[in-house]
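Since the structure is predicted, the reported quantities are computational estimates derived from the model, not experimental observations.
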Amino acid sequence: MKTMKELIHSYYDWLKETVEIKTVNEHLEVTTPFLDRNNDAIQFYLKQEKDGTIHFSDDGFFLNELEFEGIHFKTPKRKQILNDILFQHHLQIDEYGAITTTATAEDFNLKKHFYIQGLKSIDDLYVTNRNNVTGIFSEEVALLLEKENINYISDIKLAGRSGFDHKIDFIFPSGKKIPERYLMVVNNANKSTTADKLFLWNDIKGSRKKNNEMYVMLDDKNHKVDDKIIQAYKEYGIHPFTWTEKNNLVKAIKQTG
C-alpha cells in the first residue's frame, strides 16, 4: 500500500504527465486531464503578448455548450449564479462569449488554477436545466443543514500550502473541543472531481488548525457513485457521504459539534 506522501506525489505526477500542449496558429491549445460533464478533457487556449501578458480563453466553448442544451442566463437567478462563479475565480466574459482571464509570468500558475476551477464550475451549471432551479445540489445541501438547525458559513476561500486559494462550500464553527470542519459538495463524482478534492484537502489541512475534518457530499440522485471513488476519499482521511446517506452526514456533523 502506498504511503500518504507517495499518493500525493503520484497526483502531481499524474497532472504533469497528462497535460497536452499543441500550437494552433498564434495560440497554445492546452488539454488538461480534468473532465467536463460529458467526460471530455477540458481544453483552453493561451496567447502571450509582447509585454508578457498571457491571455486565457475557452473560445466560447462552455457557454455555447450550455446554450445548446437550453441553459440561458436571462433570469436573475442564473445570472447571479454565473456572476458569482466569474467573480470567485477572477474571470470575465468577452464580447464573443468566451470565458477569459489574464496573467503575468509571476501569477500564471495561480491564474491557471483559478481558470480551470472556474471552467469546471461553469460546466456544472447544466444541472440548472431542470424545471425547479432550487434543485441545484448545493442548494439542497444548504436546505438540509438549515432544516437540521446546523450553523454554517458558506463559500469561504482558504489558502493552502501551495499559495492557492480554495473555495470551501460549507464550514462549521469550531471550538475548544470541536474541530474545524469543512463540507464540499460534488455534483458529479468522477476521477477528475475526486482528484481535485483530494488535492484541495491535502493543500489546506496542513495550513489550518491541527484538528480539522473534511466531509464530501456526493450526488447519487443524478449520477452513479463508484465504490472506488468512496474508497479514494477514505484513503485520504476524508469522510464521504452520498445524498441517500444524508442523515448519516447530519449525525456526523452533530456528533463532532
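With contacts defined as side-chain heavy-atom distances shorter than 4.5 Å, the pair Leu218/Phe241 does not qualify. For the pair Glu213/Tyr182, no side-chain contact is recorded, criterion being any heavy-atom separation below 4.5 Å from C-beta on.
Ring centers of Phe108 and Phe56: under 6.0 Å apart, within the cut-off. For Tyr115 and Phe44, the ring centers are positioned less than 6.0 Å apart. Separation of the His89 and His113 ring centroids does not fall under the 6.0 Å cut-off.
Considering Asp36, Thr32, Thr31 in turn, Thr31 is the only one that fulfils the side chain to side chain donor-acceptor pair (under 3.5 Å) rule with Gln43.
Between the Asp203 side chain and the Phe199 main chain, no donor and acceptor come within less than 3.5 Å of each other.
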Glu140/Lys221 under salt bridge (Lys or Arg N to Asp or Glu O under 4.0 Å): CA gap, chis, key distance, verdict: CA-CA 12 Å; Glu140 290 182 296; Lys221 296 191 307 175; 2.7 Å; yes
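Aromatic ring pairs are classed by plane angle as parallel below 30°, tilted from 30° to 60° and perpendicular above 60°; the pair Tyr152 and Phe170 is perpendicular.
By the salt bridge (Lys or Arg N to Asp or Glu O under 4.0 Å) test, Glu106 is found to be paired with no residue, residues two or more places apart in sequence or in another chain being considered. Scanning for ring pair (Phe, Tyr, Trp, His ring centres under 6.0 Å) contacts around His55 gives an empty result, with sequence neighbours left out. Taking Tyr233 as the reference, nothing meets the ring pair (Phe, Tyr, Trp, His ring centres under 6.0 Å) condition, with sequence neighbours excluded. Lys167 pairs by the salt bridge (Lys or Arg N to Asp or Glu O under 4.0 Å) definition with Asp155, Asp169, not counting sequence neighbours. Partners of Phe87 by ring pair (Phe, Tyr, Trp, His ring centres under 6.0 Å), not counting sequence neighbours: none found. Remark: Phe114 engages His90 in a ring pair (Phe, Tyr, Trp, His ring centres under 6.0 Å) (not counting sequence neighbours).
Under the 4.5 Å side-chain contact rule for hydrophobic residues, Leu86 and Leu63 share a cluster. Under the 4.5 Å side-chain heavy-atom criterion for Ile, Leu, Val, Met, Phe, Trp and Tyr, Ile230 and Trp201 are members of the same hydrophobic cluster.
Thr53 and Asp51 are linked by a side-chain donor-acceptor pair at a separation below 3.5 angstrom, with hydrogens and angles left out of the test.
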